Amino acid sequence: MAGSIKAVRGTRDLLPPETETWNFVEAAVRDVFRVYNFKEIRTPVFEDTQLFTRGVGEETDIVAKEMFTWEDRARAQSEKTQSLTLRPENTAGVVRAYIEHNLGEKGLLQRFYYIGPQFRRERPQKGRYRQFYQIGAEVIGPTSAGSESPAVDAEILEMLAALLGRLGIQNWTLNLNSVGCANDRPRYLEALRAALKDVVHTMCADCQRRVVTNPLRVLDCKVPADQPIIEKLPRMSDYLDESCRAHFAAVQTILTSLGVPFVVDHRLVRGLDYYTRTAFEFTHGALGAQNAILGGGRYDGLSESLGGPPAPGIGFAIGEDRLVMTLQETAGAATRPADVYIAPLGAGMNVHAALLSRELRRAGVIVTLGDESFKLKKSLETAHKLGARYALIVGENEVGSGQFALKNLGTGEQVKVARDEIADRVKVSS
Ligand code: AMP
């Protein structure tokens, strides 16, 4: 016999009750985004491959090793095949949409958020999947709209602190750095290459590759033996030009005034090429090795590198899988049980149960509906297994008298309640 088919490695099913936590997270973040006046954007799950090679950067791990890319079949002889890719991240897609729909034309800042799946062919482990979910936000617009202002960076970071607070997540660390801009980065890369020239042969294979392709990423290396070398490398902060230095200082001043704690981490660089100036990551101790809950930063040149107008921007992406994990590990996220299990008792009672459940649901009560073929004992057992707080018995006598037997499954106490008082009764004691 053929074996059963399983979900593909690195993907997983999200099942109840865990999906309750996902819904809780998404509802809470939407609430926070609303008061910061961020609006939702939904871009396609796959895009032209060039969006990522040009946007994210050919030499990044994501583009070089992790994309799910395929040649799309031509539909007609005259048509060429097109290389398509499942999005590994969403910023490039958002900026493409900004350019394509000319969203900067009104001269205003655009504040977007998104929630959705991303795809990377990474080695799966706890907290790292091939299909994972990100909640992200982007602020982008023409320079005249203030898109380069350090106030925007601070607002985004303060919003993140509010968001984590809203979810009840404490004890996070905000790591902050400035990775400079097109003006000062080349000088720094030169200094980095010079410092690495004589020592890189003693470092790990990844570092030896990165020194050629993307020397900034050497700072990201976690191999213990390389750490003493990396600690002695030149720091970006010593190479920032005057405007980048002032920008970074202003971000820190606002954050300090707002009471948002942060740590400057000179080694923080991000895995994507498009970042300029402010780069940041929030980490949480409950997560183990994959401890980054979210990351982000400025990307002042991204729109232009995708063929668009100058449109500085800043954004972040939260790993929703990791956010949910953090909640599970710290708060044991609550899921709400069903309020009432309705037990129709005997032939013809399904109709009455359906009518009553509609009334109760309209009043906001969570109802699970049983079936008239069940004996009372089986109904009560089912209600217990489901974790319902009450069982409501709907038999011929109840329907006739308008008085229903309501059993509190916690205490075992049973009372008669008039039809129009049931909703209040089960809600009052919730
Ligand atoms: P990045 O887009 O690489 O800056 O990632 C932003 C956040 O997404 C990270 O901080 C993680 O929380 C999450 N993330 C990135 N890659 C994965 C993955 N393969 N599985 C689960 N979460 C991920």
Side-chain angles (χ1 to χ4, degrees), residues 7 12-31 115 133 165-170 286 320-321 323-430:
R12 63 200 177 122
D13 301 307
L14 300 172
L15 305 173
E18 193 185 350
T19 41
E20 295 275 296
T21 312
W22 286 71
N23 285 333
F24 163 73
V25 164
E26 289 171 16
V29 301
R30 282 180 201 276
D31 259 5
I115 301 177
Y133 295 80
R166 170 69 192 267
L167 291 170
I169 296 178
Q170 288 157 350
E320 192 175 358
D321 308 70
L323 198 60
V324 169
M325 246 165 75
T326 312
L327 277 177
Q328 286 165 338
E329 255 144 72
T330 54
T335 65
R336 190 174 157 190
D339 295 326
V340 181
Y341 181 88
I342 294 191
L345 212 60
M349 288 301 124
N350 271 351
V351 160
H352 296 286
L355 287 165
L356 196 54
S357 63
R358 183 172 64 184
E359 277 168 40
L360 293 175
R361 285 169 176 154
R362 283 185 178 162
V365 176
I366 303 177
V367 176
T368 311
L369 201 46
D371 189 83
E372 63 185 24
S373 68
F374 292 3
K375 296 263 184 305
L376 181 60
K377 181 160 179 269
K378 177 170 175 181
S379 286
L380 293 178
E381 277 168 10
T382 309
H384 270 296
K385 275 193 209 156
L386 285 168
R389 292 189 298 120
Y390 293 93
L392 185 71
I393 295 157
V394 180
E396 221 163 297
N397 290 342
E398 281 81 2
V399 172
S401 67
Q403 296 282 321
F404 291 81
L406 181 70
K407 189 178 179 70
N408 182 323
L409 295 168
T411 63
E413 182 199 5
Q414 188 168 316
V415 288
K416 288 240 176 242
V417 183
R419 187 175 192 119
D420 55 3
E421 285 167 14
I422 299 169
D424 278 346
R425 185 64 175 250
V426 299
K427 282 207 273 185
V428 169
S429 47
S430 56

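What you see is a predicted model; the values in this text were computed from it and never measured.
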State, with a plain yes or no, whether a side-chain heavy atom of [X] is found less than 4.5 Å away from one of [Y].
X: Leu323; Y: Ile169; result: yes
X: Glu359; Y: Val367; result: no
X: Glu398; Y: His352; result: no
X: Met325; Y: Asp321; result: no
X: Leu14; Y: Tyr133; result: yes
X: Leu327; Y: Phe24; result: yes
X: Leu392; Y: Leu360; result: yes
X: Val29; Y: Glu320; result: no

N/O donor-acceptor pair under 3.5 Å between [X] side chain and [Y] backbone:
X: Asp13; Y: Leu15; result: no
X: Asp339; Y: Arg389; result: no
X: Asn350; Y: Glu372; result: yes

Measure across [X] and [Y] and return the closest heavy-atom pair with its distance rounded to 0.1 Å.
X: Ala391; Y: Leu380; value: CB-CD2, 3.7 Å
X: Leu406; Y: Arg425; value: CD2-CG, 3.7 Å
X: Val394; Y: Met349; value: O-CG, 3.5 Å
X: Arg12; Y: Trp22; value: NH2-CZ2, 3.7 Å
X: Ala363; Y: Ala423; value: CB-CB, 3.8 Å
X: Phe374; Y: Ser379; value: CB-OG, 3.5 Å

Is it the case that atom [atom1] in [X] sees more than 12 heavy atoms from other parts of the structure closer than 6.0 Å?
X: Lys378; atom1: NZ; answer: no
X: Glu26; atom1: CD; answer: yes
X: Arg358; atom1: CZ; answer: no

How long is the span from the [atom1] atom in [X] to the [atom2] atom in [Y], to the nearest 0.5 Å?
X: Ile366; Y: Leu386; atom1: CD1; atom2: CG; result: 12.0 Å
X: Lys416; Y: Phe404; atom1: NZ; atom2: CZ; result: 9.5 Å
X: Leu356; Y: Ile342; atom1: CG; atom2: CD1; result: 4.5 Å
X: Glu18; Y: Asn23; atom1: CD; atom2: CG; result: 11.0 Å
X: Leu376; Y: Lys407; atom1: CG; atom2: NZ; result: 8.0 Å
X: Asn397; Y: Gln403; atom1: CG; atom2: CD; result: 12.0 Å

Please evaluate residues Lys385 and Glu381 with respect to the criterion salt bridge (charged side-chain N to carboxylate O under 4.0 Å, His left out), reporting the C-alpha separation (whole Å), side-chain torsions for both, the decisive distance (0.1 Å), and the verdict. CA-CA 6 Å; Lys385 275 193 209 156; Glu381 277 168 10; 5.6 Å; no
